[in-house]
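Below, chain A is the first sequence line, B the second, and so on; all start at residue 1.
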Number of protein chains: 2
Amino acid sequence: MKKQLKIKPVADSSTEEKIKNAARIIFHKKGYAATRTRDIAEEAGINLALLNYYFRSKEKLFDIIMLESLHDFRQHIIVALNDEKTSLESKIETLVSNYIDLLINQPDIPLFILSEIRNNPQALISKLNQKEIITKSYFIKQFQQAVQEGKIVHINPLHYIMNLIGMIVFPFVGRPILSYVGQLKQDDFNNLMEQRKILIPKWLKAISKVK
Amino acid sequence: MKKQLKIKPVADSSTEEKIKNAARIIFHKKGYAATRTRDIAEEAGINLALLNYYFRSKEKLFDIIMLESLHDFRQHIIVALNDEKTSLESKIETLVSNYIDLLINQPDIPLFILSEIRNNPQALISKLNQKEIITKSYFIKQFQQAVQEGKIVHINPLHYIMNLIGMIVFPFVGRPILSYVGQLKQDDFNNLMEQRKILIPKWLKAISKVK
DNA sequence: GTCTATATACGGATAGAC
DNA sequence: GTCTATCCGTATATAGAC
């Protein structure tokens with residue numbers, strides 16, 4: 001059971017990878033409860049029994065997918081917020097841009113995580129780890145510094161965080177409705193998201209002046 | 001089977017209402033697939049068989065709850081956006097305020113709807129009805145008017161809608177995480193949302209000037 | 001209308017052949 | 001490692017007594 005490289009996995013080569021990739025797709029799309037192991041097997045093009053052979057149970061397979069998804073979801077925030085070399089503004093820019101790139105590739109991650117947390121809060125919230133990752137980040141230090149200097153209006157930083165993450169994530173969470181209302185095709189939607197990479201930092205800047 | 005008044009239902013009096021209220025709570029909290037009819041019966045304090053006696057099946061009961069939830073969720077937008085008497089600004093103010101009030105009372109509605117749409121897009125999206133409710137609303141007319149007059153920067157109105165709805169809804173969708181990160185109690189959270197009633201319209205105004 | 005007991009279906013998991 | 005066949009628990013739904 002060789003561990004494969006994170007960056008460039010050998011695609012769908014091994015059966016194990018095939019199952020994991022299929023599981024990610026189905027779990028992300030339907031959530032734990034609505035997913036049937038038979039669907040995963042079919043998506044992976046393998047026999048149902050193999051799923052249990054490799055992963056013992058639906059739950060164990062799910063835990064693996066959830067852990068990886070949480071990792072992806074968090075990592076973009078943590079890394080960006082804790083870079084001590086960059087300014088507040090450029091931190092926002094990289095975070096927004098990287099995040100939107102992730103979501104264009106895996107648009108179902110946020111709704112997946114949020115709805116599973118709803119179904120099982122205590123179990124999952126703890127897996128988010130250190131609640132201080134945001135509140136004690138270098139970003140927050142810089143933020144409070146900027147408030148002191150009068151560059152940002154005095155306000156609960158949580159509002160700022162909600163707006164930041166919400167502006168990035170919400171369009172993906174509401175994509176089906178949005179695409180329906182706006183009659184958007186896949187590409188139309190992605191183009192809008194590309195625009196937001198530039199717009200969101202500007203908007204946040206404007207907001208941070210509002211009393 | 002007398003139809004009861006919408007505004008002031010005779011609370012939990014009838015068994016039918018008891019079941020519906022219980023179903024709303026459980027479905028909102030866990031979604032269709034993860035909900036067991038036994039849980040609903042227990043929550044309602046009635047025998048499991050009665051559920052089928054009154055509503056025939058889990059699915060039929062679910063459809064009723066979903067339809068009502070969609071109605072609540074939409075109605076606040078539609079009514080506010082189509083009032084021809086009010087200015088653009090005051091439309092926003094009422095919409096934000098009414099919406100946040102609804103969500104403080106039923107905080108699980110958005111995640112409920114969004115995750116069920118994800119599980120079954122085509123079936124539910126159609127129930128949203130007329131895709132023109134937003135794009136052909138009086139609000140959009142006023143919006144485009146304001147753009148013409150140079151009061152609002154020229155931009156795809158969908159960005160504006162995403163920001164508007166996202167700022168309102170996202171904190172509720174991400175509430176478990178937010179409350180965890182910010183160490184918020186129920187009241188702390190609600191207070192933040194009350195603040196947003198005032199702040200969101202101001203923020204949107206600032207955003208609408210950003211090039 | 002409400003209950004107890006039970007039928008039926010479905011989905012996760014395993015035994016055992018290859 | 002991979003398949004077929006099958007087991008078994010769980011959840012929905014109904015039959016029938018009260």
How close or far is atom [atom2] of [N] from atom [atom1] of [X], stated in whole angstroms?
X: A:Arg38; N: D:dT6; atom1: CZ; atom2: P; value: 14 Å
X: B:Ile46; N: D:dA13; atom1: CD1; atom2: C1'; value: 14 Å
X: A:Asn52; N: D:dT6; atom1: CG; atom2: C1'; value: 14 Å
X: A:Lys58; N: D:dG9; atom1: NZ; atom2: C1'; value: 14 Å
X: B:Leu51; N: D:dA13; atom1: CG; atom2: P; value: 8 Å

Check: Is the ring centre of B:Phe112 less than 6.0 Å from the ring centre of B:Phe27?
Finding: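 Judged by ring-centre distance (under 6.0 Å), B:Phe112 and B:Phe27 do not meet the cut-off.
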Next item on the list: Verify whether the ring centers belonging to A:Phe172 and A:Phe189 lie closer than 6.0 Å.
Entry: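 Yes, the ring centres sit under 6.0 Å apart.
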Check: Side chains of A:Lys30 and A:Thr35: is there a donor and an acceptor less than 3.5 Å apart?
Finding: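 No pair is found: no donor N or O on one side chain lies under 3.5 Å from an acceptor on the other.
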Checklist line | side chain to side chain contact (heavy atoms under 4.5 Å, CB included) against A:Ile92, all qualifying residues, sequence neighbours excluded | finding: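 With neighbours one apart ignored, the set is A:Val96, A:Phe139, A:Tyr160, A:Leu164, A:Pro201, A:Leu204.
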Next item on the list: Check whether any side-chain heavy atom of B:Tyr32 lies under 4.5 Å from a side-chain heavy atom of B:Met66, and answer yes or no.
Entry: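 With C-beta onward as the side chain, the pair stays apart.
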Notebook entry, point to check: Quick one: does A:Met167's side chain get under 4.5 Å of B:Phe170's, heavy atoms only?
Noted result: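 Not touching, per the 4.5 Å side-chain cut-off.
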Would you indicate what [X] reaches in the nucleic acid, counting non-hydrogen atoms under 4.0 angstrom: base, sugar-phosphate, or nothing?
X: B:Tyr53; answer: base
X: B:Arg56; answer: sugar-phosphate
X: B:Tyr54; answer: sugar-phosphate

Margin query: With nearest nucleotide decided by heavy atoms, which residue, B:Asn47 or A:Ala33, maps closer to the 5′ end of DNA chain C?
Written below: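 Its nucleotide being nearer the 5' end, the pick is B:Asn47.
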Next item on the list: Shoot me the first and last contacting nucleotide of DNA chain C against chain A, ordered 5' to 3', at under 4.0 angstrom to non-hydrogen atoms.
Entry: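 Contact span on the strand: C:dG11 to C:dT14.
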